[in-house]
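Numbered from 1 within each chain, the chains take letters A, B, ... in sequence-line order. Atoms considered below: every heavy atom in the structure, side chains included; atoms not considered: hydrogens, waters and symmetry mates.
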Amino acid sequence: MAQQVPLDFLGDLRRTHSCGALRAANEGQRVVLMGWVYRRRDLGGVIFIHLRDREGVTQVVFRAECDGNLHGKAEMLRSEYVIAVEGLVEARTAENINPNIPTGEVEIVAEKMWMLNTSETPPFPMEEHVDVNEDMRLKYRYVDLRRPHMQRNVMLRSKISLEVRNELSSQGFLEIETPFMTKSTPEGARDFLVPSRIQPGNFYALPQSPQIFKQLLMISGYDKYFQIVRCFRDEDLRADRQYEFTQIDLEMSFPQEEQIFQTIEPLLEKVCAAAGYTVKAPFPRMTYAEAMQGYGIDKPDLRLPRFWPVEDLFPADAGLTREGLPLVAIHIPGTGVLSRKERDELKDYGRERGLTVYDDPKRLERDFPGVIEKVRERTGAGENDLLLLAGWRDEPKGQRPEETVYQACGQLRLFAGQKYNDRHKLLDPKDFRFLWVLDFPMFEWNDEDERWVAAHHPFTSPKDEDLEKLTTNPARCRARSYDIVLNGVELGSGSIRIHRQDIQSQVFSAVGFSQEEAQARFGYLLDALTYGAPPHGGIALGLDRLVMILAGETSIREVIPFPKTAKGTDLMSEAPAPANERQLRELGIQLRRPQG
RNA sequence: GGGGACGUAGUUCAGUUGGUUAGAACGCCGGCCUGUCACGUCGGAGGUCGCGGGUUCGAGCCCCGUCGUCCCCGCCA
């Protein structure tokens with residue numbers, strides 16, 4: 001228990017400044033500060049405390065010689081006590097200036113102090129330099145959020161949201177809300193369901209995104225909509241995935257892709273500027289096919305160089321890869337000479353993914369004289385760089401077999417890049433490399449269900465010239481979709497939508513919905529498309545991921561005030577929790593007991 | 001659903017081949033200290049070694065199970 005300390009009332013006392021505001025220019029002013037006791041240094045006759053609020057830290061000094069009663073009261077102060085202090089701003093002498101804090105030129109000589117509240121000893125240190133296990137931080141999140149590190153992240157998030165609203169509003173976008181209690185959509189992620197009390201047995205679903213509603217808003221004539229909106233997906237959690245996450249969602253009428261890019265690029269310029277970084281539009285662009293052929297992934301990290309197909313440089317019968325499949329040269333700069341063990345690790349990693357990895361260019365040079373020189377020329381790999389060749393070992397796999405090879409090579413490239421990042425600083429987190437990826441395929445093959453599923457979502461328009469491939473060759477049908485990628489992270493995803501009912505029906509049927517099914521699931525959208533739906537399209541950016549990267553974090557939990565654990569638990573409130581019998585009865589729900 | 005890492009004082013960690021009374025730092029409590037700013041100094045308290053079972057003369061350490069946190073795969077239209 002905290003010691004018994006007589007508390008004071010706040011009354012009509014007001015702050016004059018924040019704890020981060022005072023400078024030498026304020027010398028001599030009478031001020032009132034309020035905040036938390038960050039650190040206390042009791043030197044006997046004089047007590048220093050650092051008083052903290054979200055704006056910063058200011059030193060307050062209590063001198064016994066000036067006021068014995070006040071000094072005695074200050075002796076009771078402990079970490080995280082909440083106090084108000086009135087006193088005079090005094091300039092510190094040159095040797096006493098603290099260069100580590102912005103208010104370090106001054107201190108407050110306390111004349112009055114109000115003890116507003118005590119605090120238990122915090123469950124973990126408030127200091128920034130101390131790492132604490134995440135479960136402790138989440139259990140006492142209200143304390144963790146008080147630490148300067150989290151306060152910076154939360155404030156940065158607010159700043160970025162404000163910047164988004166300002167920029168989009170100034171571009172003529174309207175902020176419009178859409179419902180959270182809506183209808184379950186098939187495909188996509190698992191929905192969170194909300195039972196209806198008035199209609200037992202019926203359920204609302206929380207939106208995985210406001211997709212259909214924003215399309216309906218376009219049909220309703222609200223050109224240029226945006227929303228900073230919570231989305232819900234019941235899938236397993238990760239460092240960059242939570243059940244609830246926030247999208248910067250927008251949609252416009254009559255756009256070409258170009259207009260979406262021209263909306264987002266200045267937005268991201270402004271957002272980065274708000275975080276203190278300069279990025280320059282236009283961002284580079286590449287097609288999905290180029291991304292796969294150069295990086296083996298649809299979200300290339302441009303901080304590492306691309307890989308290159310090089311099978312054409314070798315004799316046709318070289319046998320380094322399966323016939324008809326690519327041989328890939330992977331180049332990681334500046335790694336220097338790797339040990340036997342390190343190279344074996346790379347080979348093993350590739351082998352587990354179906355690749356045969358050739359890690360020794362000299363040996364290949366012996367078997368195929370002159371070829372490595374050409375490979376180095378194509379890749380730009382120097383003598384001090386890592387150069388790996390990778391071919392496919394097994395039977396060709398998948399509907400787009402060359403893609404399977406590129407994907408494995410892409411994983412190997414990232415594995416190697418990240419592995420040597422620490423040593424060689426290949427991946428600077430403050431080197432922001434935005435990228436547009438265009439022309440995704442319309443469909444991906446789902447092995448489990450043995451059918452095509454929409455790669456983006458089933459409202460994405462096929463490219464005009466690929467329209468007939470919807471039925472004839474779905475594997476090669478391209479979509480008018482685009483992703484914005486930042487340093488290997490998918491930041492956002494969008495598309496030009498289908499605005500014609502006939503095409504929408506074709507797409508539903510391509511992903512295996514019967515007419516009746518499509519009507520039951522999306523009848524209202526199909527109907528709406530018949531009432532004058534304009535061409536429209538948009539995009540949604542993951543706000544959590546954006547803030548995460550700009551804050552230099554590697555988990556979105558660091559930029560979400562109250563996140564859940566990997567098992568979906570809130571360690572503070574202990575949600576989820578059982579519903580009581582009365583709640584269940586009202587909802588008409590009977591629990592199915594686990595077997596046994 | 002699968003793989004991996006971790007769990008010891010309030011916190012962060014160490015703990016040898018299985019062997020005496022489980023340690024350190026920070027924090028906390030008390031004393032001293034009038035210029036500190038991660039104050040200093042002297043002293044003190046603080047442990048269900050996540051939980052349950054097993055092996056053993058003996059378990060923080062070995063085995064089985066279980067719970068929790070983190071990372072990855074699957075999953076994420």
Starting from [atom2] on [N], measure out to [atom1] on [X] and report it in whole angstrom.
X: A:L43; N: B:G31; atom1: CG; atom2: C1'; answer: 15 Å
X: A:N446; N: B:C75; atom1: CG; atom2: P; answer: 8 Å
X: A:Y38; N: B:A38; atom1: OH; atom2: C1'; answer: 10 Å
X: A:R545; N: B:C76; atom1: CZ; atom2: P; answer: 14 Å
X: A:H149; N: B:A38; atom1: NE2; atom2: P; answer: 20 Å
X: A:K299; N: B:C76; atom1: NZ; atom2: P; answer: 13 Å
X: A:F192; N: B:C76; atom1: CZ; atom2: P; answer: 14 Å
X: A:L77; N: B:C29; atom1: CG; atom2: P; answer: 12 Å

Which is true for [X] with a 4.0 Å heavy-atom rule: it touches a base, it touches only sugar-phosphate, or it touches nothing?
X: A:Q211; value: base
X: A:E95; value: nothing
X: A:D236; value: base
X: A:E127; value: nothing
X: A:S209; value: base

Integer angstrom distance from the [atom1] of [N] to that of [M]:
N: B:A14; M: B:G60; atom1: C1'; result: 12 Å
N: B:U17; M: B:U12; atom1: P; result: 26 Å
N: B:C64; M: B:U20; atom1: C1'; result: 30 Å
N: B:G18; M: B:A59; atom1: C1'; result: 6 Å
N: B:C6; M: B:G58; atom1: C1'; result: 27 Å
N: B:A24; M: B:A9; atom1: C1'; result: 11 Å
N: B:G15; M: B:G30; atom1: P; result: 34 Å
N: B:C37; M: B:G44; atom1: C1'; result: 26 Å

With a 3.5 angstrom cut-off on both distances, give the Watson-Crick or G-U wobble partner of [N], or none if there isn't one.
N: B:G60; result: none
N: B:U36; result: none
N: B:A9; result: none
N: B:A22; result: none
N: B:U55; result: none
N: B:U41; result: B:G31

Using atom types as modelled and distance alone, determine if a side-chain donor or acceptor of [X] lies under 3.5 Å from a backbone N or O of [Y].
X: A:R478; Y: A:D466; answer: no
X: A:Q208; Y: A:A189; answer: yes
X: A:D483; Y: A:V485; answer: no
X: A:R353; Y: A:Y349; answer: yes
X: A:T460; Y: A:A479; answer: no

Is a donor-acceptor pair below 3.5 Å formed from side chain [X] to base [N], judging by atom type as modelled?
X: A:R241; N: B:C75; answer: yes
X: A:R40; N: B:U36; answer: no
X: A:E65; N: B:U34; answer: yes
X: A:R39; N: B:C37; answer: no
X: A:R238; N: B:C70; answer: no

Looking at [options], which one has an atom nearest to any side-chain atom of [X]?
X: A:T121; options: B:C28, B:C71, B:U34; result: B:C28
X: A:S555; options: B:C71, B:C29, B:U36; result: B:C71
X: A:E235; options: B:C76, B:C37, B:U69; result: B:C76
X: A:T565; options: B:U69, B:C29, B:C75; result: B:U69

Verify the contact: side-chain N or O of A:R41 to OP1 or OP2 of B:U36, cut-off strictly under 4.0 Å; return yes or no.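 For B:U36, neither OP1 nor OP2 has a side-chain N or O of A:R41 closer than 4.0 Å.
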Answer yes or no: does a side-chain N or O of A:N100 lie under 4.0 Å from OP1 or OP2 of B:A38? yes
Should we say atom NZ of A:K463 is surrounded by more than 12 heavy atoms from elsewhere, each under 6.0 Å from it? yes
Want to settle it: does A:L571 or A:D240 sit nearer the 5' end of RNA chain B, counting the closest nucleotide to each? A:L571
Taking the nucleotide of RNA chain B with the nearest heavy atom to each, does A:A189 or A:R557 sit closer to the 5' end?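 Nearest-nucleotide comparison on RNA chain B picks A:R557.
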With rounding to the nearest 0.5 angstrom, report the CH2 to OH distance, A:W36 to A:Y81. 16.0 Å
Short N-O contact, A:R78 and A:E120, less than 4.0 angstrom: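 Not counted as a salt bridge, because no side-chain N and carboxylate O are separated by less than 4.0 Å.
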Determine, for A:E553 against A:R152, whether the closest basic-nitrogen to carboxylate-oxygen distance falls under 4.0 angstrom.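 Judged by the 4.0 Å cut-off on N to carboxylate O distance, A:E553 and A:R152 do not form a salt bridge.
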Can the positive tip of A:R230 be found less than 6.0 Å from the middle of the six-membered ring of A:F232, inside 45° of the ring normal?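 Not satisfied by the 6.0 Å and 45° rule.
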Return the set of residues passing side chain to side chain contact (heavy atoms under 4.5 Å, CB included) with A:R451 (not counting sequence neighbours), or none when no residue passes. A:E187, A:D449, A:V453, A:V511
Using a 4.0 Å cut-off on protein heavy atoms (strictly under), produce a 5'-to-3' string for nucleotides 3-10 of chain B with B for base contact, S for backbone-only sugar-phosphate contact, and - for none. -------S
